[in-house]
Q: 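First, the structure itself, so that you have it in front of you.
Owing to the predicted nature of the structure, the values given are computational and were not obtained by experimental measurement. Just so you know, these numbers use all the heavy atoms, side chains as well, and skip hydrogens, waters and symmetry mates.
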Amino acid sequence: MNQDLGFRLRCMTHLHRRLADRSPAKAQMEHVTGTHGWVIGYLYDHRHEDIFQRDLERVFQMRRSTASGILQLMEKNELITRESVRHDARLKKLCLTDKALRLHESFGRDLKCIENAMVRDIPESEIAAFRRTLDKIMQNLCTYEKELTDTEPIEKEECPSCT
């Protein structure tokens, strides 16, 4: 019954989001969406690199307009700033504010608890196999999207699930 994979992934995503929304840290985060949390996490993990909007578009598989809207709202809510870089005045790197750093720390603890609950009683070998399978599914979907839209294919190294 291969046709229910998308449905199961969607259900799992909704349950994960519901649990994250009920976390103690989330209750203190006014105007912060789940996507904002993922962006904050990504920027935090890459805080020693220059990250630009186009990087988020690639990593999160989102269109330019979607990324722009998300980042504008994050700026408005004082979660990020955009700062010029020396080598190209047109580029603005994304930087987390102190407010975002505090949110990341508290919400990160709650997400770690959810992650631990997700993998409870599942052997590491099964989790590793599941990750590999998800990576393959993601790459298949990236290839299929390319076929449908006739856009540049996402290289395996660039596909967020494969890195």
Q: From D135 CG over to M138 CE, what is the distance, rounded to the nearest 0.5 angstrom?
A: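 One finds 9.0 Å between CG of D135 and CE of M138.
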
Q: Atom CG of D98 and atom CG of L103: how far apart are they, to the nearest 0.5 Å?
A: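 Here the interatomic distance stands at 11.0 Å.
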
Q: Output the distance between atom OG1 (T97) and atom CG (N77), rounded to the nearest 0.5 Å.
A: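 Here the interatomic distance stands at 10.0 Å.
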
Q: Once side chain to side chain donor-acceptor pair (under 3.5 Å) is applied, do any residues pair with R8, and if so which ones, sequence neighbours excluded?
A: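 R8 satisfies side chain to side chain donor-acceptor pair (under 3.5 Å) with D4 only.
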
Q: Do L96 and L91 land in one hydrophobic cluster if side-chain heavy atoms of ILVMFWY residues count as linked below 4.5 Å?
A: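 In one cluster with L96: L91, no.
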
Q: Let me check something: any side-chain donor-acceptor pairs from residues 113-128 under 3.5 Å, sequence neighbours excluded? List them with distances.
A:
unit_1 : atom_1 : unit_2 : atom_2 : d
N116   : ND2    : K112   : O      : 3.3

Q: Using the side-chain contact (heavy atoms from CB on, under 4.5 Å) criterion, which residues pair with T13? Sequence neighbours excluded.
A: R17

Q: Side chains of R82 and Q53: closer than 4.5 Å at any heavy-atom pair?
A: yes

Q: What's the spacing between H46 NE2 and L94 CG if we round to 0.5 Å?
A: 12.5 Å

Q: Got a sec, which residues hit salt bridge (Lys or Arg N to Asp or Glu O under 4.0 Å) with D50, two or more places apart in sequence or on another chain?
A: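 Testing D50 for salt bridge (Lys or Arg N to Asp or Glu O under 4.0 Å), a comparison that skips the adjacent residues, returns K93.
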
Q: For E78, check side chain to side chain donor-acceptor pair (under 3.5 Å) against everything at least two apart and list the hits.
A: none

Q: With R102, which residues qualify under salt bridge (Lys or Arg N to Asp or Glu O under 4.0 Å), at least two apart?
A: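 R102 satisfies salt bridge (Lys or Arg N to Asp or Glu O under 4.0 Å) with no other residue.
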
Q: As a quick check of understanding, evaluate side chain to side chain contact (heavy atoms under 4.5 Å, CB included) for Q61 and E145, giving each step before the final call.
A: CA-CA 11 Å; Q61 296 290 302; E145 180 183 39; 4.2 Å; yes

Q: Examine V39 and L101 and state if one hydrophobic cluster contains both, with Ile, Leu, Val, Met, Phe, Trp and Tyr joined whenever side-chain heavy atoms are less than 4.5 Å apart.
A: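 As far as the 4.5 Å side-chain criterion goes, L101 and V39 are connected within one cluster.
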
Q: When rounded to the nearest 0.5 angstrom, what distance separates CG in L111 from NE2 in H104?
A: 9.0 Å

Q: Does a side-chain heavy-atom distance below 4.5 Å link L9 with L134?
A: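 A side-chain contact exists here, since the closest heavy-atom pair is under 4.5 Å.
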
Q: Out of curiosity, I80 CD1 to K99 NZ, how far, rounded to the nearest 0.5 Å?
A: 12.0 Å

Q: For E57, what residues pass the salt bridge (Lys or Arg N to Asp or Glu O under 4.0 Å) criterion, not counting sequence neighbours?
A: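 Partners of E57 under the salt bridge (Lys or Arg N to Asp or Glu O under 4.0 Å) test: none.
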
Q: Please list, chain by chain and in numerical order, all residues satisfying ring pair (Phe, Tyr, Trp, His ring centres under 6.0 Å) with H16, sequence neighbours excluded.
A: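 If we apply the ring pair (Phe, Tyr, Trp, His ring centres under 6.0 Å) test to H16, skipping adjacent residues, there are no hits.
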
Q: Could you tell me if the side chain of M12 sits less than 4.5 Å from the side chain of L15, heavy atoms only?
A: no

Q: Looking at residues at least two apart in the chain, or sitting in another chain, which of them share a salt bridge (Lys or Arg N to Asp or Glu O under 4.0 Å) with E105?
A: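 E105 satisfies salt bridge (Lys or Arg N to Asp or Glu O under 4.0 Å) with R109 only.
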
Q: Hydrophobic clustering (ILVMFWY, side-chain heavy atoms < 4.5 Å, transitive) - are F52 and I40 grouped together?
A: no

Q: Below 3.5 Å, can you tabulate the donor-acceptor pairs from side chains in residues 66-73 to any protein atom, sequence neighbours excluded?
A:
unit_1 : atom_1 : unit_2 : atom_2 : d
S68    : OG     : Q72    : NE2    : 3.4

Q: Got a sec, which residues hit side chain to side chain donor-acceptor pair (under 3.5 Å) with S84, two or more places apart in sequence or on another chain?
A: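 S84 satisfies side chain to side chain donor-acceptor pair (under 3.5 Å) with K92 once adjacent residues are dropped.
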
Q: Is the count of non-hydrogen atoms from other residues, nucleotides or ligands lying under 6.0 Å from Y44 atom OH greater than 12?
A: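 Result for OH/Y44: open.
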
Q: Just jot down the side chain to side chain donor-acceptor pair (under 3.5 Å) partners of D88, sequence neighbours excluded, or say none.
A: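 D88: side chain to side chain donor-acceptor pair (under 3.5 Å) contacts with R90.
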
Q: Would you check if L43 and R47 make a side-chain contact, meaning some heavy-atom pair closer than 4.5 Å?
A: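 L43 does not reach R47 side chain to side chain.
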
